Amino acid sequence: MSNSRFDVRFDPGQADSRWQAAWDDARCFEADSHSDKPKSYVLEMFPYPSGRIHIGHVRNYTMGDVLARYKKMRGHEVLHPMGWDAFGMPAENAAMEKGVHPAGWTHDNIDTMKRQLKQLGFALDWSREIATCDPEYYGHEQALFLELYKAGLVYRRTSAVNWDPVDMTVLANEQVVDGRGWRSGALVEKRKLNQWFLKITHFAQDLLDGLGNLQNWPEKVRLMQENWIGKSTGLQFAFDLSNGEKLEVYTTRPDTIFGASFVAVAADHPLAQGVASTNCDAAKFIDLCKQGGTTAAELETAEKLGFDTGIGAKHPFTAEYLPVYIANFVLMDYGTGAIMAVPGHDQRDFDFATKYGLPIVRVIAASADQAAAPLTEAEAGDGICVNSGFLDGMSVADAKAEVIKRIEAAESGEGKTVWRLRDWGVSRQRYWGTPIPFIHCDACGVVPVPNDQLPVTLPEDVDFSIPGNPLERHPSWKHADCPTCGKPARRETDTLDTFVNSSWYFLRFASQPADKPFDKAEVAQWLPVEQYIGGIEHAILHLLYARFWTRALAYCGLVEVKEPFASLFTQGMVTHEVYSRRDGPREIYFTPGEVERSSEGAVLKADGQKVDIGKVIKMSKSKKNVVDPEDIIADYGADAVRWFMLSDSPPERDLPWSEAGIEGCGRFVQRLWRLFGQFDGDASGEDKALDRKTHQTVHAVSADIEALSFNKAVARLYELTSALEKTQPSASRNEAIRAILLMVSPMMPHLAEEGWEALGHDGLAAMAAWPEVDPALLVEDEVTIAVQHKGKLRDTLTVAKGLPKEELEALALASEKVQRSIDGAEVRKVIVVPGRLVNIVT
RNA sequence: GCGGGCGUGGCGGAAUUGGUAGACGCCGGGGACUUAAAAUCCCCUGAUCCACGGAUCGUGCGGGUUCGAGUCCCGCCGCCCGCACCA
């Protein structure tokens with residue numbers, strides 16, 4: 001029986017939009033919070049609406065989509081939402097550069113990108129779409145901010161902040177990279193401003209402890225967060241100085257105190273400033289410290305430099321005076337900005353001491369008789385104390401406790417835990433963000449905007465032709481009456497960091513009442529997110545802030561969960577070769593579309609001349625090694641593009657884009673279509689071997705998808721397809737075709753729907769059940785045994801499964817090839833691994 | 001400099017976690033069909049040697065453990081990512 005639907009090639013141009021419309025009409029991807037099915041919340045990091053989607057988005061959202069569709073077919077109620085991280089600087093930059101309004105620019109981008117996402121056939125619940133620039137969203141955010149304020153987690157303080165002279169905005173310390181704005185790249189200046197802060201440090205210990213439970217997060221992300229939080233325990237104590245003052249230092253190694261040979265302070269430490277005021281050499285040295293490279297790598301490989309202040313610091317136990325240096329490797333904003341330096345057991349101190357001829361004393365050794373062993377480099381490892389007076393013979397841990405005890409008894413210091421993590425500065429002097437809902441009244445001070453006056457919306461008539469904050473300059477917006485006394489007052493003109501927007505969007509996706517940010521019970525239905533997928537670049541800031549914000553809301557009693565993301569997956573980048581030509585001092589780049597690539601090299605289509613082939617790196621506009629998703633969808637269809645995103649490379653690794661690869665995917669789409677066409681309703685009879693292959697494949701593909709090992713699932717599906725093409729019509733074959741159609745449905749949903757319909761099924765393949773596995777069919781009744789002689793493969797045997805060891809051994813020894821290899825030597829030992837191999841040792 | 005990760009054919013990568021290395025895809029080669037092309041299908045495709053039966057070598061390099069190592073241990077080399085000189 002032939003089915004004429006399959007006589008023509010599968011046409012994505014027709015099928016893609018038809019099925020996208022069908023899914024919309026059936027509203028089949030809208031999540032029901034009241035369903036009694038098991039719930040699965042699959043979430044990919046929502047995009048910033050920059051203009052058009054890029055290939056990285058396609059990879060990210062395809063992975064999530066396969067998981068979401070798979071979960072649905074497995075009978076879960078799936079929440080798979082999408083929205084827009086819509087506040088941020090690029091909109092203001094566009095406003096400044098092109099004279100467009102940030103809102104209009106953002107909404108145009110959202111329209112374009114939404115249309116592009118729809119072309120890919122993602123199973124998204126668009127009814128829950130969020131744009132963070134929507135007053136409905138940021139109004140709720142203002143309400144949450146006020147809740148945190150009431151709970152004492154919000155405060156203002158005057159502090160030196162990072163002022164970005166290009167963006168005219170303040171950056172959090174964490175957002176300054178190498179002394180430059182992490183987005184603008186402009187050199188950051190220090191300015192004092194009144195800022196709003198969130199008390200993330202209140203949760204430092206809890207954020208650290210929580211990492212221990214995040215077993216389904218990549219180890220490296222947990223490690224990065226741990227290091228970022230940076231807990232250390234040590235001793236803070238004061239040295240008496242020769243000039244009569246005191247100097248507080250912090251050390252994590254009080255056990256090495258007898259090895260201290262000098263004291264060092266940061267260039268911007270008050271002591272250094274004091275010395276500089278009367279000593280111009282010191283002032284010059286401080287200036288020198290502020291020059292030079294600012295990246296971590298540069299700083300760490302830079303030569304250690306110091307300036308001897310001439311001041312002495314009295315050692316608390318030996319009463320010896322140690323020289324006090326100003327040093328370029330001491331940081332002001334960690335600990336007290338001053339250290340006791342122990343060259344024997346800290347490499348930086350060692351380098352410094354070597355340069356300035358200061359004593360290097362061993363105070364930790366593997367054993368007491370190693371006390372005099374010379375030090376060629378600093379030894380940071382464990383051991384026992386030597387050359388350390390009353391500490392001699394103690395372990396590092398005991399010595400730490402002993403020193404802290406004695407210093408505390410002498411009341412010159414105390415044991416102290418120091419965190420690297422600092423409170424989160426959320427103030428931004430920008431227009432395109434969430435207005436901070438406060439009013440400044442001369443009489444009443446800083447007053448929160450009452451809830452019934454929320455949202456505080458942004459004014460629409462703003463001027464971007466001059467730099468600075470348009471809210472500050474707006475003729476009327478900032479004038480408001482004090483909610484307490486009713487007198488004329490001023491609105492807060494700072495807006496919130498956009499990381500606040502992305503710190504709770506996953507809650508709003510789960511529950512969207514009109515009158516409050518979310519419903520506690522409904523959030524509890526969905527959270528935590530079962531699988532969160534996004535880029536590694538958010539390993540620290542976004543993920544830590546989201547973890548903090550969720551804890552803060554739990555602290556306020558608004559949610560029950562503390563950890564928002566149960567599993568995290570960080571996907572790799574999409575890469576491509578770079579094509580370029582040298583033009584004098586400049587490198588001219590060409591897009592892959594402008595270049596003809598062959599095995600010999602690459603030529604520019606326009607002039608037929610060679611271009612240089614560069615490294616395979618992340619697709620970026622500046623290097624022009626990009627492909628536009630919309631172009632490739634038009635050429636190959638959404639399913640081929642999706643299939644490519646899942647094939648070959650493991651999802652956490654980089655995926656090299658290739659024209660040949662996408663062509664292969666396009667061919668496979670047609671190959672499957674032809675295979676569907678071979679479904680023969682009249683065929684009967686069973687093919688046991690094929691049944692087994694089918695069920696093994698379903699089993700393996702299920703496990704692969706659950707582990708996000710899409711590349712392995714793809715390989716299995718290729719394998720089953722090839723096996724099927726070699727078989728004759730039978731009931732087994734029909735079942736296999738049906739199974740393969742359903743298995744590719746999450747990956748190539750349009751093809752699957754078209755095939756499902758053509759084969760006469762009612763309803764949508766997207767709503768169909770995932771094929772069942774019969775465990776009995778997973779077991780083979782025959783196995784192939786490797787026969788080795790002295791560990792080298794000589795022969796293979798195909799035998800019945802479960803054959804006893806003795807019989808296996810006899811069969812192996814009977815093998816002609818094995819006998820030839822043994823060549824009459826004495827068999828000393830035979831190792832038999834049932835079901836696997838026989839190894840004969842002579 | 002510190003922390004983390006990775007090195008497997010021409011390429012992307014598999015390998016049941018100590019048990020037949022190279023699954024699957026791409027590229028390439030040969031053939032079938034066709035007037036021809038596209039499309040499709042079949043075969044070959046790690047290296048070297050070969051009497052065409054096979055043999056030897058082979059998972060960055062050098063050692064080691066083991067009946068057996070891509071996998072475990074020690075020491076190198078190279079590449080990638082992150083970074084905050086955190087005392």
Side-chain angles (χ1 to χ4, degrees), chain A residues 9 173-174 176-178 218-221 223-224 226-228 230-232 234 249-253 256 264 266 295-302 304 327-331 333-342 345-349 351-352 380 418-420 536-537 539-540 573 598-599 616 643-644 647-650 652-656 658-665 667-668 670-671 674 700 709 711-719 721-722 725 784-797 816-817 820-821 828-833 835-842:
Chain A
R9 286 166 65 84
N173 284 324
E174 296 94 327
V176 178
V177 178
D178 305 336
E219 178 68 35
K220 64 174 169 182
V221 174
L223 196 74
M224 282 161 87
E226 188 182 324
N227 292 338
W228 189 265
K231 181 181 185 176
S232 73
V249 301
Y250 173 73
T251 179
T252 55
R253 295 295 303 273
T256 62
T295 70
E298 279 173 323
L299 283 169
E300 292 192 42
T301 47
K304 305 285 179 281
N328 65 347
F329 67 95
V330 179
L331 295 179
D333 35 352
Y334 183 80
T336 61
I339 62 166
M340 67 165 207
V342 185
H345 305 281
D346 183 290
Q347 191 59 41
R348 291 156 301 175
D349 299 349
D351 294 344
F352 190 93
V418 167
W419 301 86
R420 189 204 161 273
I536 187 71
E537 67 274 19
I540 297 174
M573 302 174 297
S598 68
S599 48
V616 179
W643 188 252
F644 184 91
S647 303
D648 293 352
S649 288
E652 69 279 9
R653 283 206 224 167
D654 290 351
L655 171 67
S658 90
E659 200 64 33
I662 184 71
E663 280 170 15
C665 294
R667 281 198 297 273
F668 186 63
Q670 297 302 334
R671 196 172 148 204
R674 289 192 300 274
S709 297
N711 57 320
K712 293 194 220 170
V714 162
R716 306 269 189 195
L717 289 164
Y718 273 120
E719 222 173 315
T721 303
S722 297
E725 285 168 345
T784 305
I785 303 286
V787 184
Q788 298 178 336
H789 173 220
K790 292 197 286 193
K792 285 190 179 180
L793 184 72
R794 295 296 159 184
D795 200 2
T796 57
L797 302 170
E816 192 192 321
K817 289 172 182 171
R820 203 185 317 142
S821 177
R828 291 188 304 165
K829 196 173 174 186
V830 180
I831 287 129
V832 182
V833 182
R836 202 115 1 254
L837 61 68
V838 179
N839 188 14
I840 295 155
V841 187
T842 57

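Letters A, B, ... are given to chains in the order of the sequence lines, protein chains preceding strands, and every chain is numbered from 1. From a predicted model like this one, the values you see are computed outputs, not experimental measurements.
- In this entry B:U17 has no Watson-Crick or G-U wobble partner, no candidate having both defining distances under 3.5 Å.
- The partner of B:C2 is B:G82, judged by Watson-Crick or G-U wobble contacts that both fall below 3.5 Å.
- Using a 4.0 Å heavy-atom criterion, one finds that A:S647 contacts no nucleic acid atom at all.
- One atom, NZ of A:K220, and another, C1' of B:C83, lie 14 Å apart when rounded to the nearest Å.
- Listed nucleotides: B:G12, B:C27, B:C85. Nearest to the side chain of A:A660: B:C27.
- Atom C1' of nucleotide B:G13 and atom CG of A:L655 are separated by 11 Å, given to the nearest angstrom.
- When both pairing distances are held under 3.5 Å, B:C24 makes a Watson-Crick or G-U pair with B:G12.
- Nucleotide B:A32: paired with B:U40 (Watson-Crick or G-U wobble, both distances less than 3.5 Å).
- Using a 4.0 Å heavy-atom criterion, one finds that A:V833 contacts the bases of the nucleic acid, with or without backbone contacts as well.
- Figure legend. B:C72 is base-paired to B:G64; pairs are counted as Watson-Crick or G-U wobble with both atom distances under 3.5 Å.
- Using a 4.0 Å heavy-atom cutoff across all strands shown, A:Y250 reaches at least one base atom of the nucleic acid.
- Both A:E652 and A:E725 lie close to RNA chain B; mapped to their nearest nucleotides by heavy-atom distance, the more 5′-ward contact belongs to A:E652.
- Of the candidates B:G7, B:G25, B:C27, B:C27 carries the atom nearest the A:R667 side chain, counting heavy atoms from C-beta on.
- Distance CE (A:M573) to P (B:G5): 18 Å, rounded to an integer number of Å.
- Closest approach to the A:N839 side chain among B:C85, B:G68, B:G13 is made by B:G68 (side chain taken as heavy atoms from C-beta onward).
- In this structure, the nucleotide among B:G25, B:U40, B:C57 sitting nearest to the side chain of A:S722 is B:G25.
- If you check every strand for non-hydrogen atoms under 4.0 Å, A:R253 touches sugar and phosphate atoms only.
- With B:C24, B:A14, B:G19 as the candidates, the nucleotide lying closest to the side chain of A:P650 is B:A14.
- Atoms NE2 (A:H789) and C1' (B:U20) sit 17 Å apart, rounded to a whole Å.
- Using a 4.0 Å heavy-atom cutoff across all strands shown, A:V342 reaches no nucleic acid atom at all.
- The interatomic distance linking A:L223 (CG) with B:A84 (C1') rounds to 14 Å, in whole Å.
- When the nucleotides B:A39, B:G25, B:G19 are ranked by their closest atom to the side chain of A:R9, B:A39 comes out on top.
- No side-chain donor-acceptor contact under 3.5 Å links A:Y718 and A:S647.
- Of the nucleotides present, B:A47 is the one that pairs with B:U56 by Watson-Crick or G-U wobble criteria, both distances under 3.5 Å.
- Considering only side-chain N and O atoms, A:R794 lies under 4.0 angstrom from the phosphate OP1 or OP2 of B:U56.
- OP1 or OP2 of B:C57 has at least one side-chain nitrogen or oxygen of A:K792 nearer than 4.0 Å.
- Using a 4.0 Å heavy-atom distance criterion, A:R716 is classed as making no nucleic acid contact.
- Distances shown here put a side-chain N or O of A:R674 below 4.0 Å from the OP1 or OP2 atom of B:C41.
- Taking atom CZ of residue A:R836 and atom P of nucleotide B:G18, one finds them 12 Å apart after rounding to whole Å.
- Taking the side chain of A:L793 as heavy atoms from C-beta on, and the options B:U20, B:C67, B:G25, the nearest nucleotide is B:U20.
- Note on A:N711: a side-chain N or O is less than 4.0 Å away from OP1 or OP2 of B:A14.
- Side chain of A:Y718, nearest nucleotide from B:G7, B:G25, B:C67: B:G25.
- Computed from coordinates, the A:D654 CG to B:G12 C1' distance equals 12 Å when rounded to whole Å.
- Taking the six-membered ring where tryptophan is involved, the planes of A:F668 and A:W643 are essentially parallel, since the angle between them stays under 30° and well short of 60°.
- The nucleotide whose nearest atom lies closest to any side-chain atom of A:E719 is, among B:C24, B:C86, B:G82, B:C24.
- In this structure, the nucleotide among B:A84, B:G54, B:G12 sitting nearest to the side chain of A:S649 is B:G12.
- Projected onto RNA chain B by closest heavy-atom contact, A:K829 and A:M224 fall at different nucleotides, the more 5' of which corresponds to A:K829.
- At B:C86, one or more side-chain N or O atoms of A:R348 fall inside 4.0 Å of OP1 or OP2 (strictly under the cut-off).
- Per the geometry, CD1 belonging to A:I540 stands 12 Å off C1' belonging to B:C81, to the nearest Å.
- No contact: A:S658 has no heavy atom under 4.0 Å from any strand.
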